[in-house]
Amino acid sequence: MSDDSINTPFAPIVELDRDSDVPLYEQIAKPIADLITSEALKPGQLIEDEVSLARRLDVSRPTARRALQDLASAGLLSRRRGAGTRVAPAHVQRQLSLTSLNADLQKSGHSTTTKVLSYEVFFADDPLAEKLQIAPGTELVSVRRLRNMDGVPLALMHNVIPSEYAPSLTELSSKSLYSCFDARGIVMHSALQTIGARNASKDEASLLDIEANAAVVTMERITFDADHHVIEYGDHVYNARQYHITIPLLAQNS
């Protein structure tokens, strides 16, 4: 689909049964949802606005607004002032494991790009040294990156890495962090990871191109080698409308 067609407002065919018990906003939302889930409409496709939709279908503006808002709440549409109503980017469904986000996305058929936002060398203070189980004053590298999936911002990634393990800025500009580790022969053995959720800060919302105070998924991870030396500390933020985590559970015999 060309950029011109994506940016041309799409007017979905909707047949309304005004004698039905099904609310009109649901009758409007369902065919649009079917087009999105069947991938007949591609991510980024512009949808006609609620004023045009209401006029064309001869319904009230609140009815059209409710239909589009319900689709947005379900993660199928993205509504932003100035950008219009568009089909939301595909969701990332990710198994909880010690893997590279970049590799997981590419295995799922997505294209990825990464921008290094900052690269700084500093020395660990006492609280950070205790958190990372290293000596105070240890030289560290702090890297902040923005990961895009199919041209749409997905994750803000902040990593702190002992200098002895840290890739260069040049390496990180062309490879994922874990690919750099692999190239250096650094083997990840285990990790402690915490998953959470909160509202995006103003800076995060701007970089991720989401609404102010929109929900984000958070991930904090400390990764160790086989000798239990810290390889890296990650503090990442993901667009919650695009990112989901699957946690396998096994029953234990009583």
Please verify the inter-ring angle class for F224 with H228; under 30° counts as parallel, over 60° as perpendicular, anything in between as tilted.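 Taking H228 first and then F224, their aromatic rings lie parallel (interplane angle under 30°).
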How many angstroms lie between [atom1] in [X] and [atom2] in [Y], if you round to the nearest 0.5 Å?
X: R65; Y: I28; atom1: CZ; atom2: CD1; result: 12.5 Å
X: L117; Y: L207; atom1: CG; atom2: CG; result: 6.0 Å
X: N148; Y: L154; atom1: CG; atom2: CG; result: 8.5 Å
X: L140; Y: E232; atom1: CG; atom2: CD; result: 12.0 Å
X: T85; Y: L71; atom1: OG1; atom2: CG; result: 9.5 Å
X: I195; Y: R221; atom1: CD1; atom2: CZ; result: 8.0 Å

Return yes if a side-chain donor-acceptor contact under 3.5 Å exists between [X] and [Y], otherwise no.
X: D227; Y: H189; value: no
X: R144; Y: N159; value: no
X: R198; Y: N213; value: no
X: T63; Y: S60; value: yes
X: T194; Y: E220; value: no
X: R147; Y: T114; value: yes

Practice problem: Please assess L169 against V116 for the test side-chain contact (heavy atoms from CB on, under 4.5 Å), listing each intermediate value before the final yes or no. | Solution: CA-CA 8 Å; L169 174 59; V116 179; 3.5 Å; yes
Taking the side chain as C-beta and beyond, is there a heavy-atom pair between [X] and [Y] under 4.5 Å?
X: R86; Y: I47; answer: no
X: P127; Y: E130; answer: no
X: R55; Y: E50; answer: no
X: D225; Y: Y165; answer: yes
X: T37; Y: L76; answer: yes
X: V87; Y: K42; answer: no
X: L132; Y: V160; answer: yes
X: V59; Y: L53; answer: no

- Query: Does the side-chain contact (heavy atoms from CB on, under 4.5 Å) test come out yes or no for L172 and V143, once each step is laid out?
  - Reply: CA-CA 9 Å; L172 286 172; V143 183; 3.8 Å; yes
Say whether [X] and [Y] are linked into one hydrophobic cluster, either directly or through other cluster members, by side-chain heavy-atom distances under 4.5 angstrom.
X: I210; Y: L146; result: yes
X: F123; Y: V230; result: no
X: V51; Y: V14; result: no
X: V237; Y: M219; result: no
X: I13; Y: Y25; result: no

Taking all non-hydrogen atoms of both residues, which atom of [X] and which atom of [Y] are closest, and how far apart?
X: A197; Y: T218; value: N-OG1, 3.6 Å
X: P162; Y: I231; value: CD-O, 3.1 Å
X: P167; Y: Y119; value: O-OH, 2.7 Å
X: V141; Y: S163; value: CG2-OG, 3.8 Å
X: G44; Y: I6; value: O-CG2, 3.0 Å
X: E15; Y: Q27; value: O-OE1, 4.0 Å

Just by modelled atom types, is the [Y] backbone N or O under 3.5 Å from a matching donor or acceptor in the [X] side chain?
X: S20; Y: D17; result: no
X: Q45; Y: T8; result: yes
X: T138; Y: A135; result: yes
X: S52; Y: E48; result: no
X: R66; Y: L24; result: no

| field | More than 12 heavy atoms of other groups within 6.0 Å of Q133 CD | value |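 Yes - once you tally the heavy atoms of other residues, nucleotides and ligands closer than 6.0 Å, there are more than 12.
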- Query: So F122 and L128, side-chain contact (heavy atoms from CB on, under 4.5 Å) or not? Walk me through it.
  - Reply: CA-CA 11 Å; F122 70 106; L128 183 59; 3.7 Å; yes
Requested in this report: Output, in order, the C-alpha distance, side-chain angles, deciding distance and verdict of side chain to side chain donor-acceptor pair (under 3.5 Å) for H158 and S142.
Outcome: CA-CA 7 Å; H158 175 228; S142 172; 2.9 Å; yes
Practice prompt. Apply the test side-chain contact (heavy atoms from CB on, under 4.5 Å) to residues H229 and E164: give CA-CA distance (whole Å), side-chain angles for both, the deciding distance (0.1 Å), then the verdict.
Written response: CA-CA 12 Å; H229 296 143; E164 61 183 303; over 6 Å; no
**Asked** Salt bridge check: are R184 and E171 linked by an N-O gap of less than 4.0 Å?
**Response**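 Judged by the 4.0 Å cut-off on N to carboxylate O distance, R184 and E171 do form a salt bridge.
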